[in-house]
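Structure, as structure tokens:
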Amino acid sequence: LACTLASIAAYAIGQYFAAVLIMLLFRLCHIIESYAVRRGRKQLSELLSIRPDSASVETAEGVLSVTPDYVNVGDIILVEPGERIPLDGVIVEGISTIDCSPLAGKTEPVAVTTGYRVLSGCINITSPLRIRADRNYADSTVSKILRLAENAPENKSRQEKLIAAFGKYFTPGVLFLAVLIGLVPPIFNGQWLEYIQRGAVFLLISCPSSMVLSVPLAYFGGLGSAVENGVLIKGFDYLESLANADTFVFEKTGTITEGKFAVTDVVPEGLGERELLGIAATAEMYSQHPIARALRQASSAIVDAKDVRAEDIPGRGVRAYIGSKEVLVGNAALLEENGIGYKVPNRSGSAVHVAVDRRYCGHILVSDRVRRGAFDALENMRVQGVTKTVMLTGDVLSVARPLGSKLNFDMLKAELRPEDKLAAVDYLITNKGGIGTVAFVGDGVSDAPVLQRADVGIVMGAMNCQEAFENADVLIMDENIGKLPLAVKMARFTHFIVKENTGLALIAKFALLAGSALGFVPIAAAAVVDSGVVIFSLINSLRTMKSWKE
Ligand code: ADP
Ligand code: MG
């Protein structure tokens, strides 16, 4: 509108060439803008193409093709080779390979068979699968991803809010000045043509159009490229905080390490090795902790599974009742808190102590491996300007310290309970100078409060962690730690372009305002510069859509 007014003003004062030029440039901007928006949409709709159209369900009347919403939990669905898995579920029959690239970015196909849990959105490759749905469509992974992507733009970044606030004062302010400049001075000096022209320039540049369009476009691009690489970012605001993060706090187990423990030694006291392992595995029957999984795997004998009650003690272990016996399984702190003496292991590793009815029964040593690529990932992040890396763990210092120095962490805290981790992150955030933000990287299971407290909560291996969708701000779908520096790089690049565009637009606008107030800028030149900025920043924003490599 301001553009049209400016054009009319130029026409009225006989600047026909300028009037036509303004209208032409205006059209050109529109064309480029709609192209840019289409590019942005296309990238997102490619992501949206993970949506399955139909599901083949086994019913009493044979196999029916229905929309995925109609499938109930417990229904058996058939997925032919080449088809997309419509709902999350467990394979009940079939041996095949599936491709999870649509969810996780480029990944190798994985072999699956009866008993495996598969996620909606993955493509079945080799042979037909019968799958029992264990989530309805709305709770399946595909729906969660789509919801997340659709809502991302609603979470506006600080930059966008600033621009909106700026526009609220800038536009009416400049419009007012336009009227003032065009009408007031000529009352005194009679140079109507000259001052109306100056006012028209003001009209022309009154809207912060280039910022309003190019900034969300850049964020869309950044979000899209991230998704392409299997990194989901919940909102433009989190993309921005990720770009600004200069402190990264990591959990050890399952983040820096694989979270796949192996039993390396069994040291019983007054009973057999098998028996000790059996008791520990039984007590850990219901626990989701990686150590519990390792113990269950190592033991062939789960004793009398019917009669077990157990509770997790986060950061400590478990307390279980097997029949009438009370069993404690966990770290030294757990035994200390319960006033039970224990033996300090004479070999390295994380010790899992076992006590039955308050009597010490020995310990089991478990160890975990550092993730492949962890060292490079951390170095890469430092190169990008991450100034502080911190590792927090509930594990013992003797295990954490060698890892900490191998990976060059700036700070290391061990033997923490979950609430200590929260306090540590809280401390880092409150006592932090500068504008950088604090990111926390965890495995998404037991660290929900810390993920929330951090400026950006990042979960690795989110694909296999239902909680991650609620708890995390940034989801790295697979377990590849190399995706972390990549996500940082994409976020920083996007944010850089946003700042470049806003900076340029501000400089151009104020230069034009000043110049035209003093009468240096002909209206045609103002039109060229202003639309030039719009076009440049739109094209600049499209750069965020490039393909990235780790
Ligand atoms: P991290 O900070 O490394 O992720 P956690 O907070 O998950 O560690 O656990 C801290 C410590 O508590 C573990 O190293 C282990 O000694 C003990 N622990 C926690 N849960 C269990 C469990 N289910 N069984 C045995 N030990 C456990
Ligand atoms: Mg943990």
Side-chain angles (χ1 to χ4, degrees), residues 41-59 61-152 223-234 459 461-466 468-469 475-480 483 547:
R41 283 257 168 70
K42 183 166 156 263
Q43 228 194 3
L44 263 179
S45 69
E46 263 161 27
L47 150 74
L48 298 187
S49 75
I50 60 173
R51 191 191 299 275
D53 324 307
S54 66
S56 308
V57 198
E58 283 182 7
T59 66
E61 293 96 61
V63 176
L64 291 182
S65 179
V66 298
T67 58
D69 300 294
Y70 283 104
V71 183
N72 297 313
V73 172
D75 284 353
I76 304 284
I77 50 178
L78 292 178
V79 184
E80 295 293 326
E83 284 180 356
R84 193 178 294 280
I85 299 172
L87 295 92
D88 295 1
V90 177
I91 299 177
V92 289
E93 193 188 332
I95 300 175
S96 185
T97 44
I98 60 170
D99 177 11
C100 291
S101 303
L103 303 186
K106 286 195 181 51
T107 49
E108 295 292 309
V110 281
V112 293
T113 177
T114 309
Y116 269 67
R117 182 157 196 273
V118 290
L119 301 178
S120 51
C122 301
I123 311 272
N124 182 18
I125 304 177
T126 345
S127 49
L129 288 173
R130 290 178 70 222
I131 298 168
R132 174 176 292 114
D134 66 356
R135 293 277 144 77
N136 54 29
Y137 179 64
D139 294 331
S140 283
T141 308
V142 158
S143 308
K144 286 186 181 169
I145 292 179
L146 291 171
R147 262 202 303 272
L148 206 143
E150 278 158 12
N151 293 334
L223 217 72
S225 328
V227 164
E228 234 170 23
N229 286 285
V231 178
L232 254 68
I233 303 176
K234 267 196 186 164
V459 163
M463 205 159 62
N464 300 309
C465 173
Q466 293 301 317
F469 283 87
L475 293 87
I476 297 181
M477 297 307 277
D478 62 7
E479 306 253 338
N480 180 356
K483 294 275 175 73
S547 305

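Nothing fancy with the numbering, it's 1 onward along the sequence. Computed from a predicted model, the values in this text were never measured in an experiment.
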Point to revise | Under 3.5 Å donor-acceptor, Arg147 side chain and Ala138 backbone | key: yes

Review point. Gly121 and Leu103: which non-hydrogen atoms are nearest, and at how many Å?
Key: CA-CD2, 4.2 Å

Point to revise | Leu475 and Val231, any side-chain heavy atoms less than 4.5 Å apart | key: no

Practice item. Please name the residue in the list Leu78, Ile76, Val71, Ile77 that meets the side-chain contact (heavy atoms from CB on, under 4.5 Å) test with Ser56. Key: Leu78

**Study point:** Rounded distance [0.5 Å steps], OG in Ser143 versus CZ in Phe469
**Key:** 10.0 Å

**Study point:** Pairwise side-chain contact, Val142 with Leu146, heavy-atom cut-off 4.5 Å (strictly under)
**Key:** yes

Review point. Does Leu119 reach the side chain of Ile85, with side-chain heavy atoms less than 4.5 Å apart?
Key: no

Review point. Are side-chain N/O atoms of Thr126 and Thr97 paired as donor and acceptor at under 3.5 Å?
Key: yes

Review point. Ser140 side chain to Asn136 main-chain N or O, any donor-acceptor pair under 3.5 Å?
Key: yes

Exercise for review: Kindly indicate, with the supporting measurements, whether the criterion side chain to side chain contact (heavy atoms under 4.5 Å, CB included) is fulfilled by Ile131 and Val118.
Suggested key: CA-CA 8 Å; Ile131 298 168; Val118 290; 3.7 Å; yes

Practice item. Check whether more than 12 heavy atoms from other residues, nucleotides or ligands sit under 6.0 Å from atom CD1 of Ile95, and answer yes or no. Key: no

Exercise for review: Answer yes or no: is there a donor N or O on one side and an acceptor on the other, between the side chain of Thr59 and the main chain of Glu61, under 3.5 Å?
Suggested key: yes

Check your understanding: If you round to the nearest 0.5 Å, how far is CG of Asn464 from CE of Met477?
Key -> 8.5 Å

Practice item. Tell me, with the steps shown, if Tyr116 and Val90 meet side chain to side chain contact (heavy atoms under 4.5 Å, CB included). Key: CA-CA 6 Å; Tyr116 269 67; Val90 177; over 6 Å; no

Study note, to complete from the structure: Sorted by chain and residue number, the salt bridge (charged side-chain N to carboxylate O under 4.0 Å, His left out) partners of Asp478 (sequence neighbours excluded) come out as Lys483

Study note, to complete from the structure: d(Ile50 CD1, Cys122 SG) to nearest 0.5 Å is 9.5 Å

Review point. Under a 4.5 Å cut-off applied to non-hydrogen side-chain atoms, are Thr67 and Tyr137 in contact?
Key: no

Check your understanding: If we only count heavy atoms from C-beta on, is the Ile91 to Thr113 side-chain gap below 4.5 Å?
Key -> no

Check your understanding: Just by distance, do the side chain of Asp99 and the backbone of Ser101 share a donor-acceptor pair under 3.5 Å?
Key -> yes

Check your understanding: Pick from Ser127, Pro81, Pro128: which one makes a side-chain contact (heavy atoms from CB on, under 4.5 Å) with Ser96?
Key -> Ser127

Point to revise | Distance, nearest 0.5 Å, that separates CG of Leu148 from CG of Leu232 | key: 5.0 Å

Review point. So, are Lys144 and Glu150 salt-bridged, with charged N and O less than 4.0 Å apart?
Key: no

Check your understanding: Which residue pairs pass the side chain to side chain donor-acceptor pair (under 3.5 Å) test when at least one of the two sits in residues 73-95, sequence neighbours left out?
Key -> Asp88-Ser120, Asp88-Thr141, Glu93-Arg130

Practice item. Please identify each residue that fulfils salt bridge (charged side-chain N to carboxylate O under 4.0 Å, His left out) with Asp69, with sequence neighbours left out. Key: none

**Study point:** Intermediate values then yes/no, side chain to side chain contact (heavy atoms under 4.5 Å, CB included), Ile123 and Ile98
**Key:** CA-CA 6 Å; Ile123 311 272; Ile98 60 170; over 6 Å; no

Practice item. For residues Lys106 and Glu228, determine if any side-chain heavy atom of one lies less than 4.5 Å from a side-chain heavy atom of the other. Key: no

Check your understanding: Do Ser225 and Val227 have side-chain heavy atoms sitting under 4.5 Å apart?
Key -> no

Study note, to complete from the structure: Looking only at heavy atoms, the pair that brings Met463 and Ala104 closest together is SD-CB, 4.0 Å

